There are 2 protein chains.
Amino acid sequence: MTANSKLTIAAHALAWLELARRRGREVLTSEEVAASVNTNAVIVRRSLGDLQRAGLVRARRGNGAGFSLGRSAAEISLLDIWLAVSAEPLLALHRSEPNLECPVGRGIRPVLTDLYDEATNAFRAALARSTVDDVLERILR
Amino acid sequence: MTANSKLTIAAHALAWLELARRRGREVLTSEEVAASVNTNAVIVRRSLGDLQRAGLVRARRGNGAGFSLGRSAAEISLLDIWLAVSAEPLLALHRSEPNLECPVGRGIRPVLTDLYDEATNAFRAALARSTVDDVLERILR
DNA sequence: CTCAAAAGCAACCGTTTCTGTTACGCCGGA
DNA sequence: TCCGGCGTAACAGAAACGGTTGCTTTTGAG
């Protein structure tokens, strides 16, 4: 599996937006964000586009355009970001249906679905405990 | 990210091995396991090969060979399986180093590493709560 | 009204990972 | 010695991701 750095890119962008805001720059362009993350501006626009659809950032177009936070950095958790940028489940069931003539093949899927949900919920709960504000505070400390 | 079904395949194989054992068949070939999982025997051998390296199953070669559980099904947790088949981290940092001239770029990596570790540990702890025996019991109930 | 800056978006590419498949070497009990 | 079955290499197809280019759309500024 290709490990997923989408959360990293998005969290970095939001932390940078918040730091810029504290310094009096309410809006940053995708180029400016990309310079900090060290990636392409299109990658940033794609990522922030996901966040915009979730209401976490605002995008202004036209001349003098750019991105700004959609709500307070203390009200954006890592879980919010994760849900906005990564719809993929952490664990997948069988790619092709198991053999239904075998008791295990017949009954395993709902069981694993339940257990995978529990693990995923634990993962999400941990992400929900930190916000963009927390991340930035730990960076600056 | 391509969702990972390795845990599913391995857990299915182990549950099937345990059910067969209860029915008096201590050893199953990769073909027999593959028939239940509905995949190729090589996939099963690769998966059970990982589990063997972790001590979760035993593989016998030669005539009349096959796989059997390495220890009691109640002593094999989903976490054990996960660790054996999937060394990949759930979340990755930046692919290329962020801009170190930016305060965020300079400080974000250890912060995210910590937070990702917490989320991953929560995920693992949830997987540790269920065993192959639990899975099989829930299937048969 | 025009211009230009910047987001939005589509089409690629290269890389990686996963599943699947074939083929073959090697082991070991009968 | 035979031969069933594991171990493993090689390869193919699909999917996802990061990256890149180029074009369209929006919109404030002059």
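Throughout, a chain's letter reflects where its sequence line sits, starting with A, and its residues are numbered from 1. Heavy atoms only: backbone and side chains are in, while hydrogens, waters and symmetry mates are out. Because the structure is predicted, anything quoted here is derived from the model rather than measured.
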Student: Write down the distance between CZ (R58(A)) and C1' (dA7(C)), rounded to a whole number of angstrom.
Tutor: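 Rounded to the whole Å, the gap is 16 Å.
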Student: What's the closest nucleotide to the side chain of N4(B) if the choices are dC18(C), dC9(C), dC17(D)?
Tutor: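 So the nucleotide nearest the side chain must be dC18(C).
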Student: Select base, sugar-phosphate, or nothing to describe what G66(B) touches, counting heavy atoms under 4.0 Å on all strands.
Tutor: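 Since only primed, P, OP1 and OP2 atoms lie under 4.0 Å of G66(B), the category is sugar-phosphate.
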Student: Output the single nucleotide from dT21(C), dG18(D), dG8(C) whose closest atom is nearest the side chain of I43(B).
Tutor: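 It is dT21(C).
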Student: Would the base of dT25(D) count as contacting R61(A) through its side chain, where contact means a donor and an acceptor less than 3.5 Å apart?
Tutor: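 Yes, the side chain and the base share a sub-3.5 Å donor-acceptor pair.
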Student: Report the distance from atom CG of N63(B) to atom C1' of dC26(C), rounded to the nearest whole Å.
Tutor: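 It is 14 Å, rounded to the nearest whole Å.
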Student: Does dG5(D) have its OP1 or OP2 closer than 4.0 Å to a side-chain nitrogen or oxygen of S30(B)?
Tutor: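 No, no such contact exists.
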Student: Side-chain donor or acceptor of R60(B) under 3.5 Å from a matching atom on the base of dG4(D)?
Tutor: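 No, no donor-acceptor pair under 3.5 Å.
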Student: Which nucleotide in the set dT19(C), dA7(C), dA10(C) lies at the smallest distance from any side-chain heavy atom of T29(A)?
Tutor: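 From the listed options, dA7(C) comes nearest.
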Student: So, does T39(B) get its side chain near the phosphate of dT19(C), meaning an N or O under 4.0 Å from OP1 or OP2?
Tutor: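 Checking T39(B) against dT19(C): no side-chain N or O falls below 4.0 Å of OP1 or OP2.
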Student: Measure the distance from NZ on K6(A) to P on dT16(C) and round it to the nearest whole Å.
Tutor: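 For the pair K6(A) NZ and dT16(C) P, the rounded distance is 19 Å.
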Student: Mind calculating the distance between CG (D50(B)) and P (dT19(C)) to the nearest angstrom?
Tutor: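 The answer, rounded to whole Å, is 11 Å.
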Student: Does a side-chain N or O of Q52(B) approach OP1 or OP2 of dG7(D) to a distance below 4.0 Å, or not?
Tutor: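 Checking Q52(B) against dG7(D): at least one side-chain N or O falls below 4.0 Å of OP1 or OP2.
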Student: If you compare all heavy atoms of A73(B) against all heavy atoms of T131(B), which two are closest, and at what distance to 0.1 Å?
Tutor: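 Reported closest heavy-atom pair: O-CB, 3.6 Å.
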Student: Tell me, yes or no, whether the heavy-atom count around R60(A) atom CZ, taken from other residues, nucleotides or ligands under 6.0 Å, exceeds 12.
Tutor: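 Counting other residues, nucleotides and ligands, CZ of R60(A) stays at 12 neighbours or fewer.
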Student: So which atom in L115(B) and which in S130(A) form the shortest heavy-atom distance, rounded to 0.1 Å?
Tutor: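 That would be CD2-OG, 3.3 Å.
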Student: Rounded to whole Å, how long is the line connecting atom CG of L93(A) with atom P of dT19(C)?
Tutor: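 Going from CG in L93(A) over to P in dT19(C) covers 13 Å.
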Student: Side chain of R45(A), heavy atoms from C-beta onward: which of dG5(D), dG28(D), dG22(D) has the nearest atom to it?
Tutor: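 Taking heavy atoms from C-beta onward, the closest nucleotide is dG22(D).
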Student: dC17(D), dC9(C), dG20(C): which one has an atom nearest the side-chain heavy atoms of R46(B)?
Tutor: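 Of the options given, the side chain of R46(B) lies nearest dG20(C).
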Student: Dump the intermediate steps for salt bridge (charged side-chain N to carboxylate O under 4.0 Å, His left out) on K6(B) and D50(B), then the final yes or no.
Tutor: CA-CA 10 Å; K6(B) 282 184 175 178; D50(B) 288 337; 5.3 Å; no
Student: Tell me whether the count of non-hydrogen atoms from other residues, nucleotides or ligands lying under 6.0 Å of CZ in R21(B) goes above 12.
Tutor: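 Result for CZ/R21(B): enclosed.
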Student: Roughly how many Å is it from NE2 in H94(A) to P in dG20(C), rounded to a whole number?
Tutor: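 Those two atoms, NE2 and P, are 10 Å apart.
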Student: Using modelled atom types only, decide if a donor and an acceptor are shared between the side chain of Y116(B) and the backbone of T8(A) within a distance under 3.5 Å.
Tutor: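 Yes, Y116(B) side chain to T8(A) backbone: donor-acceptor pair under 3.5 Å.
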Student: How long is the line joining CG of N40(A) and P of dA6(C), in whole Å?
Tutor: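 One finds 15 Å between P of dA6(C) and CG of N40(A), rounded.
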Student: If I take atom CG in residue N38(B) and atom C1' in nucleotide dG20(C), what distance separates them, rounded to the nearest angstrom?
Tutor: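 About 12 Å, once rounded to whole Å.
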Student: By nearest nucleotide on DNA chain C, pick out whichever of G62(A) and L48(A) is the more 5' one.
Tutor: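 Result: G62(A).
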Student: From C-beta outward on F67(A), which listed nucleotide comes closest to its side chain: dG8(C), dC6(D), dA6(C)?
Tutor: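 The listed nucleotide nearest to F67(A)'s side chain is dG8(C).
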